[in-house]
Q: 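Okay, handing you the structure first.
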Amino acid sequence: MGGSWRRFGQFEILTLLDGSFEAFSEVFTHTAGPEARRAAITAWGEPTFRIDVNCFVLRGPDGITMVDAGTGTSWGEAYGHARAALAEAGIAPGSVRRILITHVHGDHALGLFEGDAPYFPAAEVWVPQADLSFFTDPQARASLPKARQGGFDIAERLQRLYAQRLKTIGAGEILPGIELHPLPGHTFGHSGYLIRGAGESLLLWGDALHLGDFQSAAPEIGLEYDLDGALAARTRRTVLEQAAREGWVVSGGHIRGFGTIEPRGDGFAITPA
Ligand SMILES: [Zn+2]
């Protein structure tokens with residue numbers, strides 16, 4: 001969907017919709033155990049759920065920065081629309097200066113590649129240090145089932161194809177007006193990016209939440225895709241609390257639009273902003 005640019009701090013920001021992901025609600029998890037999990041699936045009320053897959057463009061003082069890169073051509077024709085959306089915004093891949101990756105999963109990083117070449121010929125790729133460490137660790141790979149090993153292949157391609165244009169980053173200010181905000185659990189180095197503004201600040205929280213309203217109300221509900229479900233749930237509650245307290249606007253890899261957070265009952269609510 002052709003979105004519109006929205007300003008936060010020194011940056012104008014555009015959401016690129018890459019595609020729409022559908023899965024069975026059987027992948028829901030709950031930190032309180034099987035009964036709570038079953039109750040969450042019942043409360044959802046549908047056998048499946050559908051979520052957007054997003055990445056973001058930041059137009060700032062030193063050119064174009066992206067947050068995540070979509071799926072490219074790797075997930076078939078229902079995905080990869082971020083590339084057309086980028087072109088529609090008048091931005092050529094060659095004019096993207098850097099891409100900040102929230103975590104090394106396919107729906108966020110495969111768009112960096114075109115076959116066995118980098119899709120962005122001039123961009124640096126900045127990856128949270130803890131995520132690249134994990135996804136390049138052979139022992140970590142061996143500890144996971146085959147279906148969960150995609151990130152390791154991506155990390156290998158990142159190192160090979162982006163070579164000296166691959167940079168690792170840690171918590172805190174990584175660029176004037178942008179802070180890396182660690183949100184561990186979904187993956188161990190999973191991170192959000194906080195764009196500081198004098199008025200509004202925006203937290204792009206990656207996959208801290210996949211289902212905005214549902215998981216805000218009950219942050220203990222997770223998805224099987226969280227590598228460490230208990231840690232992901234603690235992180236979810238903490239980031240919701242912090243976003244509410246600080247008045248941050250939030251968006252992310254799988255929620256639609258922008259929202260603000262407020263406490264509600266035992267959990268939180270997102271209001272479109
Ligand atoms: Zn994701």
Side-chain angles (χ1 to χ4, degrees), residues 13 15-29 48-57 66-76 78-83 85-86 99-113 119 125-128 130-132 134-135 144-145 147-155 157-158 180-193 202-216 219 221-229 231-233 235-236 239-240 250-259 270:
I13 292 166
T15 304
L16 307 178
L17 179 64
D18 196 63
S20 164
F21 174 83
E22 190 174 20
F24 290 103
S25 48
E26 285 293 319
V27 303
F28 290 179
T29 61
T48 61
F49 63 92
R50 182 174 278 282
I51 51 180
D52 291 350
V53 176
N54 300 316
C55 55
F56 300 87
V57 182
M66 289 178 67
V67 172
D68 289 334
T71 57
T73 53
S74 300
W75 282 20
Y79 295 90
H81 305 306
R83 289 183 174 178
L86 192 66
I99 300 146
L100 313 177
I101 296 295
T102 58
H103 62 297
V104 185
H105 272 173
D107 49 328
H108 302 263
L110 281 171
L112 294 169
F113 312 120
Y119 182 72
V125 177
W126 293 15
V127 179
D131 231 38
L132 197 68
F134 179 81
F135 285 111
L144 290 172
R148 309 292 299 279
Q149 291 182 9
F152 298 88
D153 296 330
I154 295 170
R157 285 166 90 189
L158 258 177
L180 182 151
H181 193 84
L183 298 169
H186 179 63
T187 63
F188 296 107
H190 175 261
S191 299
Y193 294 101
L202 170 68
L203 178 66
L204 296 175
W205 66 23
D207 289 14
L209 282 78
H210 292 84
L211 302 159
D213 294 327
F214 196 58
Q215 288 181 294
S216 299
I221 298 172
L223 300 184
E224 275 176 14
Y225 318 125
D226 298 329
L227 270 179
D228 182 333
L231 180 58
T235 290
R236 204 152 36 242
V239 74
L240 286 163
V250 297
S251 190
H254 302 291
I255 66 168
R256 183 162 292 184
F258 297 91
I270 303 189

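Remember, it's 1-based here, ligands and their atoms both numbered in the order they're listed. Keep in mind the model is a prediction, meaning the values are calculated, not measured. No hydrogens, no waters, no symmetry mates; every other heavy atom, side chains included, goes into these values. One is the number of the first residue; the rest follow in order along the sequence.
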Q: Can you name the residues that form a side-chain hydrogen bond (donor to acceptor under 3.5 Å, both in side chains) with H210, not counting sequence neighbours?
A: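 Applying side-chain hydrogen bond (donor to acceptor under 3.5 Å, both in side chains) to H210 gives D207.
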
Q: Is there a donor-acceptor pair under 3.5 Å between the side chain of D18 and the backbone N or O of N54?
A: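 Absent.
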
Q: Under the 3.5 angstrom rule, does the side chain of D228 hit a backbone N or O of T187 as a donor-acceptor pair?
A: no

Q: Checking the side chain of S251 only, and the main-chain atoms of G257 only, is there a donor and an acceptor separated by less than 3.5 Å?
A: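 Here the side-chain-to-backbone pair exists.
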
Q: Would you call the rings of H103 and H186 parallel, tilted or perpendicular, taking 30° and 60° as the class edges?
A: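 Plane angle over 60°, so perpendicular.
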
Q: Sorted by chain and residue number, which protein N/O/S atoms are under 2.8 Å from the Zn ion (ligand 1)?
A: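 The answer, once waters are left aside, is D107 OD2, H108 NE2, D207 OD2, H254 NE2.
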
Q: Could R50 and F21 be counted as a cation-pi pair, given that NZ or CZ must be under 6.0 Å from the ring centre and within 45° of the axis?
A: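 R50 over F21 ring: no.
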
